[in-house]
Student: 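Here it is, the structure, as structure tokens.
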There are 2 protein chains.
Amino acid sequence: MDTALLEVFVEVARRESFTAAAAPLGYTQSAISRQIAALEAAVGAMLFDRLPRGVRLTEEGRAFLGHAEAVTGRLRAAVADIRAVRTLGGGRLRLGAIPTAEMALVPKAIAAFRRAHPAVAVTHAEGLTRTLTAAVRAGDLDLAIIGTPDAAPVFDGVRLRRLMDDPLAVALPVGHRLAGRDVVRLADLAGENWIAGQARPEETLIAGVRIASERDAEGQDDRTQHTAFQPVIDFVVLEWAAKQGFVAAGLGVTIIPSLAAAAVRPDVVVVPLDPAEAAPRSVFAATPEGVADSAAAAAFLELLTAPAR
Amino acid sequence: MDTALLEVFVEVARRESFTAAAAPLGYTQSAISRQIAALEAAVGAMLFDRLPRGVRLTEEGRAFLGHAEAVTGRLRAAVADIRAVRTLGGGRLRLGAIPTAEMALVPKAIAAFRRAHPAVAVTHAEGLTRTLTAAVRAGDLDLAIIGTPDAAPVFDGVRLRRLMDDPLAVALPVGHRLAGRDVVRLADLAGENWIAGQARPEETLIAGVRIASERDAEGQDDRTQHTAFQPVIDFVVLEWAAKQGFVAAGLGVTIIPSLAAAAVRPDVVVVPLDPAEAAPRSVFAATPEGVADSAAAAAFLELLTAPAR
DNA sequence: GACTTCCATGCCGGACTAGCATGGCGGGCC
DNA sequence: GGCCCGCCATGCTAGTCCGGCATGGAAGTC
């Protein structure tokens with residue numbers, strides 16, 4: 001059923017005349033007559049009594065009128081709603097990010113986005129790069145912030161946009177012999193005790209050596225020097241806040257991405273690793289491939305890249 | 001916008017595929033493709049992302065989906081509602097009746113109607129014949145019960161169906177010298193004191209004489225005998241219940257329609273007037289002319305005529 | 001009784017629509 | 001790595017639909 005018929009019906013009901021309803025609707029009387037006839041056939045009932053001086057709603061027509069007005073109104077609301085999504089006056093944005101990005105980068109961007117577009121409902125999920133890219137590919141996320149050791153990674157069905165480098169650094173207790181250095185080389189860390197992070201290679205925080213060997217295995221170009229360096233792992237601590245506690249207590253040192261350095265506690269010192277030895281991780285925004293970014297995703301990307309520059 | 005497009009949209013959204021949605025909807029894939037394209041043009045936004053393995057709702061499409069389902073659902077409800085009105089599963093019936101009909105005839109019929117069709121909302125208004133016929137003509141009432149002294153009256157824009165005769169009778173106090181009679185002639189009432197009813201001729205309850213003279217003035221056939229009878233009016237009492245009180249107290253007698261006789265109090269006796277002297281009023285059902293009766297009005301008419309026979 | 005008003009309808013030209021066949025694109029399988 | 005398959009888009013065509021014009025029928029008005 002064409003909703004234009006409903007508009008005609010409502011107008012005719014208001015004016016109680018086919019002829020009078022024709023002009024404002026831009027039709028002739030005969031068109032109105034036929035449209036009402038078509039509508040009556042569609043709903044299976046006479047909607048108007050034809051009187052000598054016009055028409056009047058039947059009881060069936062009266063019952064239909066409220067529905068017709070509701071339907072046309074709802075359709076108008078639907079189009080307005082779509083418009084709102086396009087202009088960021090509504091809709092939602094489903095974000096995902098790796099833990100280190102959740103420390104400062106993403107929260108700041110979300111805050112700015114909320115200020116700019118308060119009507120958009122923002123949700124976010126923390127996850128690992130592989131999980132996040134899968135979610136983006138599956139359409140469960142509109143945009144994810146991921147990190148890889150690879151400077152030009154490829155994920156099926158995912159479009160990546162480089163946001164920034166995230167150089168590796170070492171976290172030391174205040175007062176450590178290397179705490180005052182501008183840069184630390186792996187050789188400097190020989191003999192240190194290590195606090196290990198998660199087991200997954202792509203998220204590993206134990207050292208550039210593992211990153212290096214992983215990248216060798218993948219046969220990719222290797223900008224990291226091979227070293228004979230073998231870390232001694234004393235503790236495996238998953239939680240970043242807990243890891244800081246172990247470092248602060250002098251139980252060992254650990255590798256952290258610079259992105260997380262801003263959120264470090266005062267009794268821990270962060271010193272960059274020599275980039276020539278430990279290639280920086282790259283941070284990307286991931287969106288579904290072959291699909292236009294939603295208006296909200298595009299706006300969020302804009303906010304992400306602006307401060308990142 | 002054709003709501004068929006919305007059905008297609010919902011089905012495609014559910015199946016995430018144009019091809020898969022085509023068969024259950026009875027279309028080919030190309031028709032679906034074009035219909036979605038038309039819908040997207042109508043709402044001014046892409047509703048689906050086209051992927052290699054099918055399609056997926058965009059954010060705009062997701063915003064639209066709820067509306068589309070609501071609209072199609074509401075339309076289904078609208079058609080069901082109309083069907084309900086036709087089958088007396090809903091809708092309303094606006095009745096009107098003259099006071100004497102409201103005493104027994106109409107309440108009984110309404111009660112029976114309610115039992116048979118509880119979903120129909122029945123309203124009723126009491127009024128005089130002229131008011132009621134005007135309301136029927138204006139479409140404010142679906143059906144009215146009216147009474148006239150004329151056996152074949154004509155009202156513009158109103159269709160009448162005869163329900164019954166309503167012979168006149170005289171109300172007497174218990175113990176009155178005429179209380180035991182089967183029928184009373186006007187001559188028998190000479191010398192009685194009279195309780196007058198309303199002033200309007202068509203509703204007059206003062207006597208057959210006035211009815212007779214009125215009908216003479218209209219030049220219609222006169223089945224009522226001319227008499228020299230002149231009533232002596234002692235009291236003018238509008239309210240029927242009060243009038244009964246005056247009669248019961250022996251303050252006078254009054255004319256009442258037989259329709260009202262059933263509702264008389266025990267200390268009042270009703271005796272029919274000789275129909276040859278006082279022509280019965282006729283009771284009609286009035287419906288709008290040139291218009292099919294609503295299902296509810298037709299059903300009510302059926303109830304009215306069945307017990308009236 | 002002629003005129004006016006209002007809705008219904010036969011006819012026709014233009015627009016729309018669905019189906020068919022085909023093309024382009026990408027994924028999956030051998 | 002090449003071939004095949006699945007999916008959506010589109011040019012083309014026949015059938016349908018739809019609106020306007022002109023007219024007819026019914027009823028009210030002067």
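The chains referred to below are lettered A, B, ... by the order of the sequence lines, with proteins before strands, and numbering in each begins at 1. Computed from heavy atoms alone, side chains included, the values below leave out hydrogens, waters and symmetry copies.
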Student: Is any side-chain heavy atom of B/Val12 closer than 4.5 Å to one of B/Gln35?
Tutor: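 No, too far: nothing below the 4.5 Å cut-off.
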Student: Which nucleotide span of DNA chain D, 5' end to 3' end, has atoms closer than 4.0 Å to non-hydrogen atoms of chain A?
Tutor: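 For DNA chain D, the relevant span reads D/dG19 to D/dG28.
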Student: Are any of the side-chain heavy atoms of B/Arg161 and B/Asp293 separated by less than 4.5 Å?
Tutor: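 In short, these two side chains touch, coming nearer than 4.5 Å.
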Student: For residues B/Pro153 and B/Leu160, determine if any side-chain heavy atom of one lies less than 4.5 Å from a side-chain heavy atom of the other.
Tutor: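 SC-SC contact between B/Pro153 and B/Leu160 confirmed.
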Student: Please list every donor-acceptor pair under 3.5 Å in which a side-chain atom of residues 62-70 of chain B meets a protein atom from a residue at least two apart or in another chain.
Tutor:
from, atom 1, to, atom 2, distance (Å)
B/Arg62, NH1, B/Glu59, OE1, 2.8
B/His67, ND1, A/Arg74, NE, 2.8
B/His67, NE2, A/Asp81, OD2, 3.1

Student: Quick check: closest heavy atoms across A/Ser17 and A/Val55, and the distance to 0.1 Å?
Tutor: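 Distance-wise, the nearest heavy atoms are N-CG2, 3.7 Å.
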Student: Are any side-chain N or O atoms of A/Thr129 and backbone N or O atoms of A/Ile146, one a donor and one an acceptor, separated by less than 3.5 Å?
Tutor: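 Not confirmed, A/Thr129 side chain does not pair with A/Ile146 backbone.
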Student: Evaluate the side-chain proximity of A/Glu16 to A/Leu51: yes if any heavy-atom separation is below 4.5 Å, no if none is.
Tutor: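 A/Leu51 does not reach A/Glu16 side chain to side chain.
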Student: To the nearest Å, how far apart are A/Asp2 CG and C/dC16 P?
Tutor: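 So the CG-P distance, A/Asp2 to C/dC16, works out to 12 Å.
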Student: Within residues 23-38 of chain A, find the residues that approach DNA chain C with a heavy atom at under 4.0 Å, and present them sorted by residue number.
Tutor: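 Contacts with DNA chain C under 4.0 Å: A/Gln29, A/Ser30, A/Ser33, A/Arg34.
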Student: Without placing hydrogens or testing angles, list every side-chain donor-acceptor pair under 3.5 Å for residues 92-99 of chain A, not counting sequence neighbours.
Tutor:
from, atom 1, to, atom 2, distance (Å)
A/Arg94, NE, A/Asp142, OD2, 3.2
A/Arg94, NH1, A/Gly139, O, 3.2
A/Arg94, NH2, A/Gly139, O, 3.1
A/Arg94, NH2, A/Asp142, OD1, 2.7

Student: Measure CZ/B/Arg53 against P/C/dC29 and give the value in whole Å, please.
Tutor: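 Between P of C/dC29 and CZ of B/Arg53: 9 Å.
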Student: Rounded to whole angstrom units, what separation is found between the CD atom of A/Glu16 and the C1' atom of C/dC6?
Tutor: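 My rounded result for the distance is 14 Å.
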Student: Could you tell me the separation between the CZ atom of A/Arg137 and the C1' atom of C/dG27, rounded to a whole number of Å?
Tutor: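 Interatomic distance, CZ of A/Arg137 to C1' of C/dG27: 13 Å.
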Student: How close or far is atom C1' of C/dA18 from atom CZ of B/Phe18, stated in whole angstroms?
Tutor: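 About 16 Å, once rounded to whole Å.
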Student: Within the structure provided, determine whether B/Glu7 and B/Leu75 are in side-chain contact (heavy-atom separation under 4.5 Å).
Tutor: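 Of all side-chain heavy-atom pairs linking B/Leu75 with B/Glu7, none is under 4.5 Å.
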Student: Keeping to residues at least two apart or across chains, list the ring pair (Phe, Tyr, Trp, His ring centres under 6.0 Å) pairs with something in residues 139-165 of chain A.
Tutor: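 Residue pairs passing ring pair (Phe, Tyr, Trp, His ring centres under 6.0 Å), neighbours aside: none found.
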Student: Closest-nucleotide mapping onto DNA chain C: is B/Pro52 or A/Val55 further toward the 5' terminus? I mean the 5' end.
Tutor: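 By nearest-heavy-atom nucleotide position, the 5'-most residue is A/Val55.
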Student: Rounding to 10 degrees, work out the angle separating the end axes of the helix from C/dG1-D/dC30 to C/dC30-D/dG1 (five pairs an end).
Tutor: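 What I find for the helix from C/dG1-D/dC30 to C/dC30-D/dG1 is an axis angle of 20°.
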Student: Heavy-atom distance under 4.5 Å between the side chains of A/Phe48 and A/Leu57, does that happen here?
Tutor: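 Of all side-chain heavy-atom pairs linking A/Leu57 with A/Phe48, at least one is under 4.5 Å.
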